[in-house]
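Numbers for residues simply follow the sequence, beginning at 1. This one's a predicted model, so the numbers in the text were calculated from it and none came from an experiment.
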Amino acid sequence: MSVSLARAHGAPCPTVVLDGRTFPESEPELLRALADLRADLSVQGAGDVLKNAIVRPSRHPLFDLDYRFVQSLPQSNDSFDLRGSCGHSILAAVEAAARTGMIQPLVPGCRVRVNVLNNGDNVVCETEETSDGGTRFTAHFLCSPPLRLPELLMTGEPVTHVPFEGRTVPVSLVSMGNPYAFVDASHLGVSGPDALFADDPRLFNAMTRLRVAVCESQGWDTFGAFPKIAALLPQEGGGLFVRAVSVPSWHPTVALTGAICLGAAAGIEGTVPWSLADRAAQEPDALLPVRTPGGCVRVAARSTLGDDGERRLAWVSVAEKQVDYRGLLPRLRSTSAAAGPAAGSRPSVLATSDHASEETSWVPLTA
């Protein structure tokens, strides 16, 4: 079984990229194999790698890769969240697929079309620049057909008032790339960007509790990573300061899907991002500057005007995303298997699968 590591700059950890042609597809076997993988990673000192991307040449004629994301949760080796996606891991998966021969090598200008099985997203990863150690991409999240902007609102409203510790907090619940809860950081006692970006456990705990309150107010499962939560403050000139929670700590920047969702949300009148970014005073498709603790990104969203005069989201893009390829991992037995065939133990799926990856002829990528 092919197991690679790649890391997008700004991601909280590398992504394990698995060849889906030799990986179980049924959920029970999939989770068992991932639990074995986590045990193997722990043996290799990589137990903090919590992102898994399962890829294979796409079965769909319009795509190059089928991609499935699984978030490992810190509670235990067999704790996972199969909902949602991860933009940084999509880019890592494309990088690994090219390096291992699943698709043709990446060259500047080529585009890899990814079918996200988790949520139906269509993502085009456009190569900007390549080197021996990695690739710089622009990620385009496409809406085909273009979506009415209100359709992205998870409650049908730009702002939802969430009961939270004896008061109500206005939150925008938006789903594009991944579901997010966006909150004005001032409602959590944050006075400015320095306080927002400080390593403040009180703010982290408040955001974590607010995420749970959002789920409870909507009758959603509080377990897992979704919806994610991000706190915002306005930048002078129409940008946003953003602090986001990842698994199991602060996100060092903001998730790629978080930037995509933020760019979409800023185009919906009345949402928290729209209000804080002062979009009423700007062109509908103006670039959105986003500053995070780890740097800046610019998000481009493009909309079309329907026959009914209503704007529809066509695509959202984030440029200059660098991915470093870490290489193939050696195959080790899981901890239980390495200790010997004790009674009742089961061998590692990774250790016992010796099938070589099937050969796949390259499909030309859209240039």
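- For Thr292 (side chain) and Gly294 (main-chain N/O), a donor-acceptor pair under 3.5 Å exists by modelled atom type.
- Atoms CG and CG, on Leu91 and Leu256 in that order, are 5.5 Å from each other to the nearest 0.5 Å.
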Can you check side chain to side chain contact (heavy atoms under 4.5 Å, CB included) on Val94 and Val114, steps first, answer last? CA-CA 8 Å; Val94 170; Val114 181; 3.8 Å; yes
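- Not a single donor-acceptor pair under 3.5 Å links the side chain of Thr130 to the backbone N or O of Thr135.
- A cation-pi contact, defined as under 6.0 Å to the ring centre and within 45° of the axis, links Arg38 to Phe80.
- If you take CZ on Arg68 and CG on Leu82, they are separated by 5.0 Å, rounding to the nearest 0.5 Å.
- Note: Asp64 CG to Arg111 CZ = 12.0 Å, rounded to the nearest 0.5 Å.
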Could you walk me through whether Phe226 and Ser85 satisfy the side chain to side chain contact (heavy atoms under 4.5 Å, CB included) test, starting with their C-alpha distance in whole Å, then the side-chain angles of each, then the deciding distance to 0.1 Å, before giving a yes or no? CA-CA 10 Å; Phe226 304 100; Ser85 181; over 6 Å; no
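- With no hydrogens or angles considered, a side-chain donor-acceptor pair links Asp66 and Ser58 at under 3.5 Å.
- For residues 151-164, every residue pair satisfying the side-chain hydrogen bond (donor to acceptor under 3.5 Å, both in side chains) rule, not counting sequence neighbours, is listed here: Thr155-Thr160.
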Side chain to side chain contact (heavy atoms under 4.5 Å, CB included) between Ile54 and Leu30: does it pass, once the steps are laid out? CA-CA 10 Å; Ile54 304 165; Leu30 170 72; 3.3 Å; yes
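- In this structure, the side chain of Arg243 engages the main chain of Leu196 through a donor-acceptor pair within 3.5 Å.
- One N or O on the side chain of Asn119 and one on the backbone of Gly177 form a donor-acceptor pair closer than 3.5 Å.
- When each of Asn77, Asp81, Asn52 is tested with Ser72 by the rule side-chain hydrogen bond (donor to acceptor under 3.5 Å, both in side chains), just one qualifies, namely Asn52.
- The backbone N or O of Thr257 lies less than 3.5 Å from no partner atom in the side chain of Asn178, so there is not a single donor-acceptor pair.
- Cluster partners of Phe223, using a side-chain heavy-atom cutoff of under 4.5 Å among ILVMFWY residues and allowing indirect links, are Leu50, Leu73, Val247.
- Ring geometry, Phe63 versus His60: the interplanar angle exceeds 60°, so the pair is classed perpendicular (tilted spans 30 to 60°).
- A 4.5 Å side-chain heavy-atom check between Asp184 and Leu233 finds at least one atom pair inside the cut-off.
- Remark: side-chain polar atoms of Ser89 are not paired, donor with acceptor, to backbone N or O of Lys51 under 3.5 angstrom.
- Here the OG atom belonging to Ser42 is positioned 9.0 Å from the CG atom belonging to Leu37, to the nearest 0.5 angstrom.
- Of the possible donor and acceptor atoms, none in the side chain of Arg56 sits under 3.5 Å from a partner among the backbone N and O of Met102.
- The closest donor-acceptor contact from the side chain of Ser172 to the backbone of Thr271 lies at 3.5 Å or more, if one exists at all.
- More than 12 heavy atoms of other residues, nucleotides or ligands shown are found within 6.0 angstrom of CD on Glu165.
- No more than 12 heavy atoms of other residues, nucleotides or ligands shown are found within 6.0 angstrom of CZ on Arg202.
- Checking Glu128 against Thr138 by side-chain atom types alone, a donor-acceptor pair falls below 3.5 Å.
- Counting heavy atoms of neighbouring residues, nucleotides and ligands inside a 6.0 Å radius, atom CZ of Arg291 does not exceed 12 of them.
- Expressed to the nearest 0.5 Å, how far OG of Ser317 lies from CZ of Arg298 amounts to 12.0 Å.
- Trp220 and Met176 fall into different hydrophobic clusters, defined by Ile, Leu, Val, Met, Phe, Trp and Tyr side-chain heavy atoms under 4.5 Å apart, directly or through other members.
- Without hydrogens or angle criteria, Arg21 side chain to Val55 main chain gives no donor-acceptor distance under 3.5 Å.
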Please walk me through it: do Val214 and Ile229 pass side chain to side chain contact (heavy atoms under 4.5 Å, CB included)? CA-CA 10 Å; Val214 166; Ile229 187 165; 5.6 Å; no
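- The line from CD1 of Ile90 to CZ of Phe137 is 11.5 Å long, rounded to the nearest 0.5 Å.
- With hydrogens and angles ignored, the 3.5 Å screen pairs no side-chain donor or acceptor of Asp121 with any backbone N or O of Val123.
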